[in-house]
Amino acid sequence: MYEKINSSFKFLSSTKAFRIVSIYLALSLFWIFSTDKLVFNFISDAETQHLVSSIKVWFFVIATTLLLYYLIRRALREAATAKQKLIESEIKFRSVFENSVDAIGVSQEGIHVFVNHTYLTLFGYSHIDELVGKPIIDLITPGKREYILDIVTRRAKGEVVPSTYETVGFRKDGSEFDMDVNVSSYHLNFDNYTLVILRDITERKKAEDFNRLLFNASPIGLALCRMDG
């Protein structure tokens, strides 16, 4: 994430630098063409023309130096403020991200970018380097991969796909578990990312199956109804 902050800062700095150079170039061209024309149109004496041209050059150098100093100082101050805000935002995000009880992961085009500790634990991994750069589809049980891969591909194309669904996770040791998936997309530095929040629902599914078994096996008639009857 810090790499993204640094790239944002570099982009901001480059934009400011381009603006400063553009302003300087525009002023330089205007000053050169307009003042030279005035000098030669209104002053006929060569010696006076030379004196005025010298004064004009020194005035331009001093004026543009002061202008560049002001623009650069303001640009650096604005860039430093923007970077500080980005860092503060990153710290807040990382605090929530790392301390979440839910498994949270960020991917780009189906590839892991970074994940939190809970995410690693959920799938039986011990270090983030084991997942970063690896396909997210590897963490889905083989029988469900085609369906999930279709969703991932369609989401990357901007198509409307389910944002919440259930599937089966595939741990590092090969074991499987039921999980609830909540997906959202966002943009950062002109790139598209996918944020996923995962929950292990194995126990909930077992409870549902058990309750269903009791319901179906009951020797007396049972029915489910809403609170309004």
Side-chain angles (χ1 to χ4, degrees), residues 1-16 18 82-83 85-202 204-205 208:
M1 194 68 174
Y2 281 110
E3 288 76 5
K4 290 297 178 182
I5 288 180
N6 289 330
S7 63
S8 299
F9 181 65
K10 290 177 181 178
F11 175 78
L12 181 65
S13 300
S14 299
T15 302
K16 294 292 184 181
F18 178 77
K83 184 176 183 180
K85 289 181 178 180
L86 284 172
I87 292 176
E88 290 175 358
S89 177
E90 157 69 6
I91 292 173
K92 292 177 182 178
F93 173 79
R94 185 173 292 274
S95 177
V96 173
F97 183 82
E98 292 296 344
N99 295 297
S100 174
V101 295
D102 291 322
I104 304 176
V106 176
S107 63
Q108 183 180 28
E109 298 181 353
I111 303 298
H112 286 103
V113 176
F114 57 96
V115 300
N116 68 353
H117 179 72
T118 308
Y119 192 103
L120 292 172
T121 303
L122 181 63
F123 289 99
Y125 291 88
S126 57
H127 198 276
I128 190 173
D129 291 339
E130 294 181 89
L131 289 181
V132 171
K134 305 296 176 55
I136 60 174
I137 201 67
D138 290 350
L139 302 184
I140 304 297
T141 189
K144 300 285 187 178
R145 288 179 184 176
E146 184 177 355
Y147 171 72
I148 300 301
L149 186 59
D150 178 65
I151 293 179
V152 172
T153 303
R154 289 167 56 196
R155 179 179 288 108
K157 293 179 179 179
E159 298 181 20
V160 178
V161 294
S163 59
T164 58
Y165 52 87
E166 295 179 4
T167 188
V168 180
F170 191 71
R171 293 191 177 94
K172 183 179 180 180
D173 62 7
S175 61
E176 300 179 351
F177 64 98
D178 294 306
M179 66 178 180
D180 182 70
V181 182
N182 191 306
V183 185
S184 60
S185 299
Y186 68 97
H187 305 278
L188 178 64
N189 296 336
F190 307 105
D191 291 325
N192 297 321
Y193 293 88
T194 298
L195 176 69
V196 61
I197 299 176
L198 307 175
R199 292 189 180 97
D200 185 343
I201 58 171
T202 302
R204 191 188 80 188
K205 297 288 285 187
E208 291 175 354

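Side-chain contact between F170 and D138 is absent, with no heavy atoms from C-beta onward closer than 4.5 Å. Two residues are said to be in side-chain contact when any heavy atoms from C-beta on lie closer than 4.5 Å; D180 and T164 fail this criterion. With contacts defined as side-chain heavy-atom distances shorter than 4.5 Å, the pair T194/S184 does not qualify. The shortest side-chain heavy-atom distance between R199 and T118 does not fall under the 4.5 Å cut-off. Residues L120 and H127 are not in side-chain contact: their nearest non-hydrogen atoms beyond the backbone lie 4.5 Å or more apart. The shortest distance between side-chain heavy atoms of K205 and I201 falls below 4.5 Å. Residues T167 and Y147 fail the side-chain proximity criterion, which asks for heavy atoms closer than 4.5 Å. Contact check for I137 versus V152: no side-chain heavy atoms found under the 4.5 Å cut-off.
Separation of atoms OG (S185) and CD (Q108) is listed at 11.5 Å; rounding is to 0.5 Å. Taking CD1 of I104 as the start and CG of L122 as the end, the distance is 12.0 Å to the nearest 0.5 Å. Rounded to the nearest 0.5 Å, atoms OH (Y165) and NZ (K144) are 11.5 Å apart.
Panel note: side chain N116, backbone D102; a donor-acceptor pair is recorded below 3.5 Å. The backbone N or O of T121 sits nowhere less than 3.5 Å from a side-chain atom of R171 that would complete a donor-acceptor pair. Between the side chain of R154 and the backbone N or O of E159 there is no donor-acceptor pair closer than 3.5 Å.
Electrostatic pairing of R204 and E166 counts as a salt bridge here, judged by a charged N lying under 4.0 Å from a carboxylate O.
Not a single salt bridge (Lys or Arg N to Asp or Glu O under 4.0 Å) links K134 to another residue, sequence neighbours left out.
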Go through the steps for L139 and L131 under the test side chain to side chain contact (heavy atoms under 4.5 Å, CB included), then give the verdict. CA-CA 10 Å; L139 302 184; L131 289 181; 4.1 Å; yes

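Shown here for T202 and D178, the closest heavy-atom pair between the two residues is OG1-N, 3.3 Å. Taking every heavy atom of both residues into account, M179 and G169 meet most closely at CE-CA, 4.0 Å. Nearest heavy-atom pair, S107 versus I136, reported as atom, atom and distance to 0.1 Å: CB-CG2, 3.9 Å. Counting all heavy atoms, side chain and backbone alike, V183 lies closest to V196 at CG2-CG2, 4.1 Å. Looking at every heavy atom in both residues, G124 comes nearest to K172 through O-CD, 3.6 Å. Nearest approach of S163 to R155, heavy atoms of both residues: CA-NH2, 4.4 Å.
Counting heavy atoms of neighbouring residues, nucleotides and ligands inside a 6.0 Å radius, atom CD of E109 does not exceed 12 of them.
Ring-centre distance between F123 and F177: below the 6.0 Å cut-off.
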